[in-house]
Amino acid sequence: NAGVTQTPKFRVLKTGQSMTLLCAQDMNHEYMYWYRQDPGMGLRLIHYSVGEGTTAKGEVPDGYNVSRLKKQNFLLGLESAAPSQTSVYFCASSYSLVNSGPYEQYFGPGTRLTVT
Amino acid sequence: GENVEQHPSTLSVQEGDSAVIKCTYSDSASNYFPWYKQELGKGPQLIIDIRSNVGEKKDQRIAVTLNKTAKHFSLHITETQPEDSAVYFCAASIFEAAGNKLTFGGGTRVLVKP
């Protein structure tokens with residue numbers, strides 16, 4: 001199993017450009033998440049999904065959109081990138097409560113995004 | 001919403017000594033408390049977790065304690081080794097809630113000196 005994979009690993013954008021980050025998991029997890037990690041602030045939840053076709057806002061959703069058209073994929077989009085979105089982005093996935101745990105979130109290796 | 005505070009932000013220990021990291025949370029409904037270890041350039045990885053019906057949990061050299069009344073929980077690493085050097089994050093959630101959304105602390109950078 002590859003676990004959770006993220007594409008791309010690095011990206012530099014100019015202000016106003018758009019891009020999509022792809023997350024894929026091969027563990028048949030129901031739940032998927034997008035976090036951003038900034039120095040000294042831990043990880044903050046951007047959006048999450050409890051199943052195929054469903055998404056919900058997390059703590060810091062502004063400026064981002066997501067889609068989960070397939071159970072194994074979770075896409076994070078930036079429509080008009082801003083310097084404040086310079087960060088490291090992590091995707092994670094986990095089983096749902098229906099499976100009675102464990103509830104461990106498995107993280108991908110991250111995407112380092114710089115917006116100039 | 002939930003707020004998790006983590007201390008200290010950096011911790012330097014001598015190899016073989018113990019390390020303790022403390023977290024407090026604000027939402028008394030939170031009942032799931034995982035700890036993650038993040039090595040340089042990698043994503044966080046779960047090292048231990050505890051649910052609110054348990055006061056303490058051990059796994060070899062690591063242990064977590066939970067005080068529900070005071071709303072704080074701690075990570076204890078004994079006999080530290082150089083490979084324990086990493087950033088550690090605590091988190092809290094209500095695991096029955098849809099999505100089991102985690103709120104993370106700010107992280108502790110641990111350096112184990114040989």
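In what follows, chains carry the letters A, B, and so on, assigned in the order in which the sequence lines appear, proteins first and then strands, with residues in each chain numbered from 1.
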Practice prompt. State, with a plain yes or no, whether a side-chain heavy atom of L102(B) is found less than 4.5 Å away from one of Y35(A).
Written response: yes
Worksheet item: Within a strict 4.5 Å, meaning less than it, do heavy atoms of the P44(B) and L43(A) side chains meet?
Response: yes
Would you kindly confirm whether [X] and [Y] end up in one hydrophobic cluster when ILVMFWY residues are joined by side chain heavy atoms under 4.5 Å apart?
{"X": "L46(B)", "Y": "I77(B)", "answer": "no"}
{"X": "M32(A)", "Y": "V60(A)", "answer": "yes"}
{"X": "Y106(A)", "Y": "W34(A)", "answer": "no"}
{"X": "Y48(A)", "Y": "F89(B)", "answer": "yes"}
{"X": "Y88(B)", "Y": "V4(B)", "answer": "yes"}

For [X], look at atom [atom1] and say whether over 12 heavy atoms of other residues, nucleotides or ligands are found less than 6.0 Å away.
{"X": "E79(B)", "atom1": "CD", "value": "no"}
{"X": "E79(A)", "atom1": "CD", "value": "no"}
{"X": "K71(A)", "atom1": "NZ", "value": "yes"}

Discussion item. Could you report the tightest heavy-atom contact between Y32(B) and E104(A), atom names first, then the distance?
Written reply: OH-N, 4.0 Å
Worksheet, complete the sentence: CD of E59(A) to CD of E2(B), rounded to nearest 0.5 Å, is 10.5 Å
Discussion item. Can you tell me which portion of Q105(A) sits under 4.5 Å from chain B's heavy atoms? Options are side chain, backbone, both or neither.
Written reply: both
Worksheet item: Measuring heavy-atom distances to chain B, does L45(A) have an atom under 4.5 Å in its side chain, in its backbone, in both, or in neither?
Response: side chain
Worksheet item: Quick check: does any side chain N or O of Y33(A) sit under 3.5 Å from a backbone N or O of G99(B), one acting as donor and the other as acceptor?
Response: yes
Worksheet entry | Residues of residues 52-63 of chain B within contact distance of chain A, non-hydrogen under 4.5 Å | none
Worksheet item: Do any of residues 105-114 of chain B have a heavy atom less than 4.5 Å from a heavy atom of chain A, and if so, which, in residue order?
Response: G105(B), G106(B)
Response to the item:
Whatever's closer than 4.5 Å to a heavy atom in chain A on Q6(B) counts as neither
